[in-house]
Amino acid sequence: MPEGPSILILKEKTQQFKGQKITEASCNNNAIDADLLIGKTIINFKSWGKHFLICFPEFTVRIHMMMFGTYRINEHTTKPPRLHLLFSNDTELNFYACQLQLIEQPLDEIYDWEADIMSDVWNSKKAIKKMLDEPELLACDALMDQQIFSGVGNIIKNEVLFRSRIHPLSLVSAIPNKKLKEMIDEAIKYSYEFFEQRKQGTLSKHWQAYHQKECPRNHVPFIRKDTGRSHRTSFYCEKCQKMYK
DNA sequence: CGTCCTGTTTGAGT
DNA sequence: AACTCAAACAGGAC
C-alpha cells in the first residue's frame, strides 16, 4: 500500500471524515495519547509523499504505512488497530501496522511541498538542483530519496528507469539534462498512472519492469539486483537502459 | 558520519 | 493451503 499514489487514494477515501468529530479513539502503542483526539474535529487531510496527515486545529497526526500498513473504513480486521477513530455519526476509521507521530509544528515548516511528486506545486527545477548537489548520486538512489522525490517507492523507481531507458546505476551528474528531465517527467506521469491502475486493480498487469522476467522491448532477460544505498531490488535491461557514467 | 543489521508483521502471488 | 517475498523507515551497533 505505501507508495505515494496509494496515499492519495487513501486521502480520497477519507474525505467523508472531514469536519467530523471524534467521539472515541484508541491507539494500541504509546505513540499518541488517544485522549488528545477525543472531542476533536478533523479539519483536513493532507499528504506529503508517503506521509498521510490528519489535521486538527492545533496539531497533526502523521501516519506512515511503512511496508505493511493497512487501513479499513467503516469496518475492521481481526487484529487490533494501531489507531482507531470513531465519529459522532457512527462512522469509523482504523489503521493497522503503521507508524504514528504527533506533529505540533506548522506543516509548512517541516514539509517541502514542492518535493512531493503528486503535489500540484511539484518543482522539477528544484529536484534537478538537489540531485546535482550530490555529485556521486546514482539514478536509483535519487528516485528513492524522499527529500527529492517524495512518494516514489521501489515500484515507481523501477518503472520510471525502464520507461526512460536509464540504467539504475547511472551517475545522475552524467545524465544529459534533457534525459534527466525525461526521467522526472516519467516519474510524475507514471505516478498518476499508478494511481489510476491501483484504483482499477490493474497495477501489476501494467508493470513493464518491476518483477518482470524479460525486457518487453527486446526479450533479453532482466537483471535483478540489489542496488544503491538502501539495497532495494532493481529490475533492469542492460541492453536498452543506458548507463551514464 | 557511513554502513550494516534489525524490527515491524500485511497481503499478493505462487 | 501453506509458504515466500516485499510497497519503507527508524534506530542502534560498530
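Letters A, B, ... mirror the listed sequences (proteins, then strands); counts begin at 1.
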Can you measure A/Asp226 atom CG to C/dA6 atom C1' for me and round it to whole angstrom units?
12 Å
May I ask you to decide if the ring planes of A/Phe235 and A/His211 are parallel, tilted or perpendicular, using 30° and 60° as cut-offs?
tilted
Check A/Ala127 against A/Ile184 and note the closest heavy-atom contact, atom names and distance.
CB-CD1, 4.4 Å
Please report, rounded to the nearest Å, how far the P atom of C/dA6 is from the CG atom of A/Leu203.
16 Å
Find the distance A/Phe52:CZ to C/dC9:P and express it as a whole number of Å.
17 Å
In terms of heavy-atom contacts, does NZ of A/Lys189 have more than 12 from other residues, nucleotides or ligands at under 6.0 Å?
no
Between atom NE2 in A/His211 and atom P in C/dC5, what is the gap in whole Å?
10 Å
Can you name the atoms? Protein N/O to nucleotides 6-13 of chain B N/O, anything below 3.5 Å, with the distance.
{"unit_1": "B/dT9", "atom_1": "OP1", "unit_2": "A/Arg82", "atom_2": "NH2", "d": "2.4"}
{"unit_1": "B/dT10", "atom_1": "OP1", "unit_2": "A/Lys79", "atom_2": "NZ", "d": "3.3"}
{"unit_1": "B/dT10", "atom_1": "OP2", "unit_2": "A/Lys79", "atom_2": "NZ", "d": "2.3"}
{"unit_1": "B/dT10", "atom_1": "O4'", "unit_2": "A/Phe68", "atom_2": "O", "d": "3.2"}
{"unit_1": "B/dG11", "atom_1": "OP1", "unit_2": "A/Thr70", "atom_2": "OG1", "d": "2.7"}
{"unit_1": "B/dG11", "atom_1": "OP1", "unit_2": "A/Arg72", "atom_2": "NH1", "d": "3.4"}
{"unit_1": "B/dG11", "atom_1": "OP1", "unit_2": "A/Arg72", "atom_2": "NH2", "d": "3.4"}
{"unit_1": "B/dG13", "atom_1": "OP1", "unit_2": "A/Ser204", "atom_2": "OG", "d": "3.2"}

Taking DNA chain C as the partner, which of residues 152-163 of chain A come within under 4.0 angstrom of it by heavy atom?
A/Gly153, A/Asn154, A/Ile155
note: A/Leu100, atom CG; C/dC9, atom P; distance rounded to Å ~ 16 Å
Has the side chain of A/Tyr96 got a donor or acceptor atom that lies under 3.5 Å from a matching backbone atom of A/Thr77?
yes
Hey, are A/Asp185 and A/Arg163 close enough for a salt bridge, meaning a charged N less than 4.0 Å from a carboxylate O?
no
Taking only Lys NZ, Arg NE, NH1 and NH2, and the carboxylate oxygens of Asp or Glu, determine whether A/Arg229 and A/Asp145 approach each other closer than 4.0 Å.
yes
Salt bridge check, A/Glu214 against A/Lys239: does any charged N sit closer than 4.0 Å to a carboxylate O?
no
Rounded to whole angstrom, note down the P distance from B/dC1 over to C/dA10.
16 Å
Just to confirm, is there a sub-4.0 Å distance from OP1 or OP2 of C/dA8 to any side-chain nitrogen or oxygen of A/Gln99?
no
For A/Lys129, does the NZ atom have more than 12 heavy-atom neighbours from other residues, nucleotides or ligands under 6.0 Å away?
no
Which of parallel (below 30°), tilted (30 to 60°) and perpendicular (above 60°) describes A/Tyr192 and A/Phe195?
perpendicular
Answer with base, sugar-phosphate or nothing: what part of the nucleic acid does A/Arg232 contact at a heavy-atom distance below 4.0 Å?
base
Measure the acute angle between the ring planes of A/Phe222 and A/Phe162, then classify it against the limits of 30° and 60° as parallel, tilted or perpendicular.
perpendicular
Nucleotide B/dG2, atom P - distance to CG of A/Leu137 in whole Å:
13 Å
Runs of at least three consecutive Watson-Crick or G-U pairs, both distances under 3.5 Å, are what I'm after; which ones involve DNA chain C?
B:2-8 with C:8-14, B:10-14 with C:2-6
Atom CE of A/Met65 and atom P of C/dC9: how far apart are they, to the nearest Å?
13 Å
CG (A/Asn154) and CE (A/Met67) are apart, to the nearest 0.5 Å, by 9.0 Å
